[in-house]
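To keep things clear, I will list the structure first and then write my remarks on it.
Residues take their numbers from the sequence shown, with the count starting at 1.
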Amino acid sequence: MRNGLLVKYGEIAIRGKNRYIFEDKLIEAIENNIKDNSNYYVKKEQGRFLIANDVDDFDYDFIIPKVKIIMGIVAVCPCAILSNNDINSIKESSLEYIKNNYNKDKNYKFKVECKRSDKNYPLNSMEISSLVGEYLLENTQNLDVDIYNPDIKLFIELRTNTYIYSKIIKGFGGLPIGSSGKAMLLLSGGIDSPVAGFLMEKRGVEIEAVYFHSPPHTSERAKEKVIDLAKRLADFSGGVKLHIVPFTDLQVKLYERVPTEKLTIFLKRAMIKIADKLAKQNNCQAIVLGDSIGQVASQTMRSINAIDSASTSPIIRPLACFDKQEIIDLGRKIGTFDISIRPFEDCCTVFVAKHPETKPKRNIIETMESRIEWLDSMIDEAISNIESIEL
Ligand code: ATP
Ligand code: MG
């Protein structure tokens, strides 16, 4: 009997003819997340994956946190693997599993639940469950049957191998990455945008991220923070490409050219124009922002209205209706918050006006923008100097 990890994924989400593509993508994401330890391999197993190794020790503390966070994974279950379907071996292994995983000095109520994929197997699921149950009762002092309210639900799955497990550790669920296309996320070093990226990933959208870097107004460490946030987003998906745009020249020129109270809107439109071009170059179908309605001046309904015409791609704001506290709570849960609160400024806080306009008029902004004769060429210049990294 060996140890392994059964991985359950949302089957409904990947029904149909693309099933194999999504299964392969999920496996790729798992392999990528566990590649630091080459002893482990992933195998498809009839609607599940099995992660196993050929050495004796299975390092659950290393594997579980890296696997359960991948989008599309519903649950992971540490299991005992039995390489045959023989009923006597199943009985003995079940007993061994209970002895290995539960305290013999404590009393437990238990129930056995069996599933078999081979319908020609001589015993049906109910028969296997009751045979194993009887065997456990006969060979232990601390177990009692309770099918309604058990402390231990012992699952036995007869597939290529037999799997025995009782612990189900929930994942985020959602849809497998890539099953819903791709989007370009504007990722700042703040609290909000990584959470917005996570929510897109949860719906199966592959994320590329773009960060606007303004040295010397923003430090190298601010950039490192964004890289760490992108790495965290990559943990949920198996990989994220991050584009770092040199933004200083454009920012300074806009600062000199437009009224201070309108600067944020112009900067944001410039970022979105760049993101839109990048999105097209990289086959992304939408742009994603971490905006939450009313949070700051550039996120009022009027500002949103004045900003969106900068893009030809649809703009999605997953956090539009979240309160700040809700965003923080989710950021904590997914491990981005602690990275976000490292104290390095992002570019907008350096160039921010004391009294930014909260009710910009879209047509006025558009007219003013159309008169900036160098804007398009500077946008192209910024794009041609992008540094892209795979995380
Ligand atoms: P966040 O916490 O995500 O930084 P915020 O509350 O600081 O958001 P803003 O600075 O107005 O709000 O930014 C709103 C959104 O614009 C961000 O969520 C992000 O999507 C995008 N954004 C802002 N600054 C940058 C930047 N330097 N690089 C990339 N995206 C940015
Ligand atoms: Mg910010």
**Study point:** Within 45° cone of Tyr102 ring axis and under 6.0 Å: Lys167 NZ or CZ
**Key:** yes

**Study point:** Close side-chain approach of Lys170 and Val76, heavy atoms under 4.5 Å
**Key:** no

**Study point:** Close side-chain approach of Arg269 to Ser309, heavy-atom, < 4.5 Å
**Key:** yes

Review point. Can a salt bridge be assigned to the pair Asp144 and Lys111 using a cut-off of 4.0 Å between side-chain N and carboxylate O?
Key: no

Check your understanding: Do the ring centers of Tyr60 and Phe58 come within less than 6.0 Å of each other?
Key -> yes

Practice item. Indicate yes or no: does Asp228 engage Arg342 in a salt bridge with an N to O separation below 4.0 Å. Key: yes

Check your understanding: So do Lys223 and Ile244 actually touch side chain to side chain, heavy atoms under 4.5 Å?
Key -> yes

**Study point:** Pairing residues for Lys273 by the side-chain hydrogen bond (donor to acceptor under 3.5 Å, both in side chains) criterion, not counting sequence neighbours
**Key:** Glu369

**Study point:** Derivation of the side-chain contact (heavy atoms from CB on, under 4.5 Å) call for Phe337 and Ile341
**Key:** CA-CA 6 Å; Phe337 181 75; Ile341 56 171; 3.5 Å; yes

Check your understanding: With side chains defined as the heavy atoms from C-beta onward, is the minimum distance between Asp54 and Asn39 less than 4.5 Å?
Key -> no

Review point. Should Lys35 and Glu31 count as an ion pair when the cut-off is N to O under 4.0 Å?
Key: no

Practice item. Could you verify whether a donor N or O on one side chain and an acceptor N or O on the other, from Ser313 and Gln285, lie under 3.5 Å apart? Key: no

Exercise for review: Tell me whether the centres of the aromatic rings in Phe172 and Phe198 are closer together than 6.0 Å.
Suggested key: yes

Check your understanding: When you measure from the centre of the six-membered ring of Tyr121, is the NZ or CZ of Arg116 under 6.0 Å away and within 45° of the axis?
Key -> no

